[in-house]
Amino acid sequence: MDLSKLSIAELKELQTRIPAEIQKRKSEEKQQVLKELADLAAAKGFSLDELMAKKSAKTGSRKPAAVKYRHPSDSSLTWTGRGRKPLWVAQWLENGKTLEALAV
């Protein structure tokens with residue numbers, strides 16, 4: 001298609017139709033791929049759902065880190081001591097106070 005021969009109105013109209021066509025084709029292609037995968041799984045004696053089921057021993061086994069520091073006047077401000085210091089902890093330390101004063 002030679003775009004240089006199209007008018008601005010034709011180009012704008014084409015521009016509005018393209019996203020819908022892309023979405024339609026992606027959906028059709030996705031359905032085709034799913035069908036091919038289901039057929040392949042069936043040929044090997046499995047269902048697609050069975051193959052896609054996640055069975056991980058680690059899933060959900062990790063506990064969130066315990067809170068080690070809490071703001072004395074606002075108990076909703078907490079920090080585990082991991083990662084970057086929250087702004088409220090940095091400000092606390094800049095004011096000459098100690099991290100031990102925030103310990104839970």
Side-chain angles (χ1 to χ4, degrees):
M1 171 181 265
D2 188 5
L3 298 177
S4 64
K5 294 183 180 181
L6 297 176
S7 68
I8 291 177
E10 291 171 324
L11 287 171
K12 286 185 178 185
E13 195 274 327
L14 185 62
Q15 185 179 23
T16 60
R17 288 185 11 216
I18 288 175
E21 185 63 27
I22 288 172
Q23 189 62 34
K24 178 184 162 199
R25 289 189 188 192
K26 281 176 67 174
S27 179
E28 289 171 354
E29 190 168 331
K30 182 179 177 181
Q31 291 302 316
Q32 180 59 35
V33 169
L34 282 172
K35 183 185 178 316
E36 290 173 10
L37 289 172
D39 291 345
L40 178 61
K44 300 289 184 177
F46 298 101
S47 72
L48 196 54
D49 291 336
E50 181 182 8
L51 292 175
M52 298 304 291
K54 293 183 179 180
K55 295 181 183 178
S56 174
K58 293 184 179 182
T59 303
S61 64
R62 181 179 248 181
K63 296 179 186 176
V67 172
K68 291 185 179 180
Y69 305 100
R70 185 179 313 273
H71 195 282
S73 61
D74 185 355
S75 62
S76 67
L77 297 175
T78 60
W79 181 43
T80 62
R82 295 182 181 176
R84 200 168 155 188
K85 286 184 186 103
L87 183 59
W88 66 269
V89 172
Q91 289 173 343
W92 179 270
L93 296 173
E94 286 174 6
N95 289 334
K97 299 176 183 171
T98 65
L99 193 58
E100 290 76 28
L102 298 174
V104 176

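Residues take their numbers from the sequence shown, with the count starting at 1.
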Chemist: Give me the atom names and distance for the closest heavy-atom approach of Ser47 to Ala41.
Modeler: C-CB, 4.2 Å

Chemist: Is there a path from Ile22 to Val33 through hydrophobic residues (I, L, V, M, F, W, Y) whose side chains come within less than 4.5 Å of each other?
Modeler: no

Chemist: Please name the pair of heavy atoms, one in Glu10 and one in Lys5, separated by the smallest distance, quoted to 0.1 Å.
Modeler: OE1-O, 4.4 Å

Chemist: Rounded to the nearest 0.5 Å, what separates atom CG in Leu87 from atom CD in Glu94?
Modeler: 8.0 Å

Chemist: Which side-chain hydrogen bond (donor to acceptor under 3.5 Å, both in side chains) pairs, counting each pair once, include a residue from residues 72-89, with sequence neighbours left out?
Modeler: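 Sorted result for residues 72-89: His71-Ser73, Asp74-Ser76.
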
Chemist: May I ask whether Leu6 and Ile18 are part of the same hydrophobic cluster, defined by side-chain heavy atoms of I, L, V, M, F, W, Y residues being less than 4.5 angstrom apart, directly or through others?
Modeler: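 In one cluster with Leu6: Ile18, yes.
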
Chemist: If you take all heavy atoms of Trp92 and Ala101, which pair is closest and at what distance?
Modeler: CZ2-CB, 4.0 Å

Chemist: What closest approach, in Å, do Leu99 and Leu93 show between heavy atoms, and which atom pair accounts for it?
Modeler: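 Between these two residues, the closest heavy atoms are N-CD2, 3.6 Å.
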
Chemist: For residues 26-42, pull every pair meeting side-chain hydrogen bond (donor to acceptor under 3.5 Å, both in side chains), keeping only residues two or more places apart or in separate chains.
Modeler: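 Qualifying pairs: Gln32-Glu36, Lys35-Asp39.
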
Chemist: State, yes or no, whether a side-chain contact exists between Leu37 and Leu51 at a heavy-atom distance under 4.5 Å.
Modeler: no

